[in-house]
Trainee: 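The structure under discussion is supplied below as structure tokens; questions concerning it will follow.
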Amino acid sequence: MWNSLRVRLLMAIILVVLVAVTVTAVVAGRRTTGEFQRYVARGGPIPFARYAGFLARSYDLRRSWEAVQPEVERIGQISGMRVVVADAEGRIVADSESALIGKSAAGRWQVPAVEILVGGRPVGFLYMIPPTEPRESERAFLQAVNRSILFGALFAGAVAILVTLGMSDRILRPIERLTAAAQRMEKGDLSVRVPVDSQDEIGKLAHAFNAMASSLAMQEQLRRNLVSDVAHELRTPLTNLRGYLEAVRDGLIQPDAGLIDNLYEETMLLNRLVSDLHELAQAEAGQLNLVRRPVRVDEIVHRLAEAFNWQVESKGLTLRVDVPADLPLVDVDPERIGQVLRNLLSNAILHTPAGGEIDIVARAGGKWVTVAVKDTGEGIPPEHLPFVFDRFYRVDKSRSRLTGGVGLGLAIAKQLVEAHGGDIHVESRVGEGSTFTFTLPIAEDKG
């Protein structure tokens with residue numbers, strides 16, 4: 001039970017509330033008692049000036065302080081305080097407790113003395129000293145006040161605890177849902193999601209959890225697809241090789257030059273698949289060896305365009321290159337960037353029907369040179385656009401050799417561009433064509 005976050009949170013808040021209530025009650029009680037005593041010391045319900053006026057009239061009648069002792073004793077009984085009267089020189093002439101008569105009043109009490117005036121002239125001083133212990137009425141008043149403070153503090157504490165219970169439930173319920181969802185995910189259920197009820201930290205955590213779950217589900221699906229796709233891509237050439245070799249072994253066909261060419265083509269297909277997988281693994285692990293140097297973009301593009309010229313012409317396409325010769329040099333590995341363009345151009349040729357057009361355009365902007373490969377081909381459906389750079393992902397789920405390769409070209413292109421610090425993305429509309437755009441860093445001028 002003590003491992004429960006709810007219990008620990010509740011206990012911590014209850015402890016804080018109890019400490020706060022106790023401190024508040026103690027401080028308020030002592031403060032009230034002190035203020036009440038100071039109030040009484042300053043005169044309570046009957047101002048000291050009234051007693052001073054009474055004593056002034058008594059002095060004026062006798063023109064001295066003789067016979068003032070009985071009057072001082074009566075004032076003491078009425079006020080409940082010790083009453084002391086000193087003459088103008090500070091000598092005590094009357095004391096309600098009859099203990100200090102004849103002694104000096106200087107420095108004996110901290111309470112202020114009230115001057116007794118007759119005809120505007122001071123004739124003495126009145127001291128009202130509160131008793132050490134409060135009177136019964138005062139004690140009852142202080143007890144009532146302290147009880148009220150205590151009851152108020154307890155009520156406030158109870159309300160605080162109830163509010164805490166409600167808020168803790170509101171805070172912890174989403175966490176409990178997240179915990180339950182994480183436990184389901186631990187058991188292999190990657191379809192689990194949690195509702196996002198707020199935009200606070202808990203809501204952001206729930207959103208992050210859902211994003212993580214979606215990513216894990218996608219990665220798991222891609223892993224399964226990877227195994228299936230690798231098996232599919234390996235099965236076809238291996239089956240062909242096995243069929244040819246069995247036919248040769250059984251004497252059904254003779255190992256002539258044509259057969260050797262077919263076997264060679266199948267082994268080259270296997271070699272390309274393994275090579276692409278190895279290259280992609282290196283790129284994703286950040287271990288790809290790049291030989292970077294300042295190069296001209298137009299040279300890379302024109303060289304590649306010439307290499308693909310026969311494929312373009314044989315399919316009846318038009319290839320245009322719009323790459324100015326005065327573009328800034330880029331800091332890249334020319335072989336790797338040529339590989340990126342080769343993959344993009346191969347896809348454009350494959351998916352553009354006869355009579356279509358392909359454009360390679362490059363422009364400089366800021367610290368980057370942007371290269372775009374545009375085609376007027378069949379386009380990519382919107383639901384497939386977020387996944388075209390995933391390994392082994394193909395829009396054509398039949399994975400026919402006639403509609404594309406093994407689905408590694410764009411994944412490798414993306415890794416190569418990002419290895420240079422650039423970015424690659426695609427825009428496409430079905431029936432209108434696609435545009436693949438990537439950026440290359442401009443080489444720093446060290447001259």
Trainee: Nearest 0.5 Å please: distance from the CG atom of D322 over to the CD1 atom of I360.
Mentor: 10.5 Å
Trainee: Going from CG on L344 to CD1 on I358, what distance comes out if it is rounded to the nearest 0.5 angstrom?
Mentor: 11.0 Å
Trainee: Please assess F125 against V84 for the test side chain to side chain contact (heavy atoms under 4.5 Å, CB included), listing each intermediate value before the final yes or no.
Mentor: CA-CA 8 Å; F125 300 92; V84 176; over 6 Å; no
Trainee: Go through it in stages, so that I can follow the logic: the residues are T435 and S428, the test is side chain to side chain contact (heavy atoms under 4.5 Å, CB included), and I'd like the CA-CA distance, side-chain angles, deciding distance and then a yes or no.
Mentor: CA-CA 6 Å; T435 301; S428 183; over 6 Å; no
Trainee: Take V323 and V361, measure what side chain to side chain contact (heavy atoms under 4.5 Å, CB included) needs, and give me the verdict at the end.
Mentor: CA-CA 6 Å; V323 181; V361 181; over 6 Å; no
Trainee: Report the distance from atom CZ of R293 to atom CG of D331, rounding to the nearest 0.5 Å.
Mentor: 10.5 Å
Trainee: Looking at R242, I want to see if its CZ is surrounded by more than 12 non-hydrogen atoms of other residues, nucleotides or ligands under 6.0 Å.
Mentor: no
Trainee: Can you see which heavy atom on A362 is nearest to which on P324, and at what distance?
Mentor: O-CD, 3.5 Å
Trainee: Can you confirm whether R363 sits close enough to V369 that some side-chain heavy atom of one is under 4.5 Å from a side-chain heavy atom of the other?
Mentor: no
Trainee: If only atom types and distance count, is the side chain of N210 paired as donor or acceptor with the main-chain N or O of V194 below 3.5 Å?
Mentor: yes
Trainee: Taking atom types as modelled, find out whether S191 and R184 have a side-chain donor-acceptor pair closer than 3.5 angstrom.
Mentor: no
Trainee: For residues R296 and L329, report the shortest heavy-atom separation together with the two atoms involved.
Mentor: CG-CD2, 3.3 Å
Trainee: Quick one: does any side-chain atom of T352 pair with a main-chain N or O of I349 as donor and acceptor, under 3.5 Å?
Mentor: no
Trainee: Would you mind checking if D189 and K187 are paired as a salt bridge, meaning a charged N to carboxylate O distance below 4.0 Å?
Mentor: no
Trainee: Looking at every heavy atom in both P334 and V291, which two are closest together, and how far apart are they?
Mentor: CD-O, 3.9 Å
Trainee: Does the N343 side chain pair with the main chain of L410, one donor and one acceptor, at a distance under 3.5 Å?
Mentor: no
Trainee: I'd like to know whether S434 forms a side chain to side chain donor-acceptor pair (under 3.5 Å) with R429, so could you lay out the CA-CA distance, the side-chain angles of the two residues, the decisive distance to 0.1 Å, and finally the verdict.
Mentor: CA-CA 7 Å; S434 303; R429 288 190 178 184; over 6 Å; no
Trainee: I'd like to check L241 versus T267 (side-chain heavy atoms, cut-off strictly below 4.5 Å). Are they in contact?
Mentor: yes
Trainee: Using side chain to side chain contact (heavy atoms under 4.5 Å, CB included), reason through R320 and D359 one step at a time and then give a plain yes or no.
Mentor: CA-CA 5 Å; R320 291 191 294 261; D359 294 281; 2.8 Å; yes
Trainee: side-chain contact (heavy atoms from CB on, under 4.5 Å) with V297: which of I337, T370, V371, L341?
Mentor: V371
Trainee: Quick one: salt bridge (Lys or Arg N to Asp or Glu O under 4.0 Å) pairs with a partner in residues 332-354, sequence neighbours left out?
Mentor: E279-R336
Trainee: Determine yes or no for a side-chain-to-main-chain donor-acceptor pair under 3.5 angstrom, with D375 supplying the side chain and G377 the backbone.
Mentor: yes
Trainee: Evaluate the side-chain proximity of W368 to I442: yes if any heavy-atom separation is below 4.5 Å, no if none is.
Mentor: no
Trainee: Are the side chains of V83 and L126 in touch, meaning some heavy atoms are under 4.5 Å apart?
Mentor: yes
Trainee: Report yes or no: does K315 contribute a side-chain atom to a donor-acceptor pair with the main-chain N or O of L350 at less than 3.5 Å?
Mentor: yes
Trainee: Can you find a heavy atom in the side chain of M185 that is under 4.5 Å from one in the side chain of F209?
Mentor: yes
Trainee: To the nearest 0.5 Å, tell me how far D326 CG sits from D298 CG.
Mentor: 9.0 Å
Trainee: Please examine the side chains of P294 and E444, heavy atoms only from C-beta on, and report whether any two atoms are closer than 4.5 Å.
Mentor: no
Trainee: In Å, rounded to the nearest 0.5 Å, how long is the span from CZ of F436 to CD of E427?
Mentor: 11.0 Å
Trainee: Please answer whether the main-chain N or O of A211 pairs with a side-chain N or O of S215 as donor and acceptor at a distance below 3.5 Å.
Mentor: no
Trainee: Just so I know, are the side chains of L317 and E357 near enough to count as touching, which here means a heavy-atom distance under 4.5 Å?
Mentor: no
Trainee: For T376 and G433, indicate whether the former's side chain and the latter's backbone hold a donor-acceptor pair under 3.5 Å.
Mentor: no
Trainee: How long is the gap from CG on L319 to CG on L345, to the nearest 0.5 Å?
Mentor: 6.0 Å
Trainee: Which atom pair, heavy atoms only, marks the closest approach of E115 to A52?
Mentor: O-CB, 4.1 Å
Trainee: Is H207 atom NE2 crowded by more than 12 heavy atoms from other residues, nucleotides or ligands, each under 6.0 Å away?
Mentor: no
Trainee: If I compare all heavy atoms of L290 with all of A419, which pair ends up nearest, and what's the gap?
Mentor: CD1-O, 3.7 Å
Trainee: Report yes if the side chains of H420 and R292 come closer than 4.5 Å at any heavy-atom pair, otherwise no.
Mentor: yes
Trainee: What is the minimum heavy-atom distance between V332 and P441, and which atoms define it?
Mentor: CG1-CD, 4.3 Å
Trainee: Between the side chains of R303 and E299, is the shortest nitrogen-to-carboxylate-oxygen separation below 4.0 Å, so that they form an ion pair?
Mentor: no
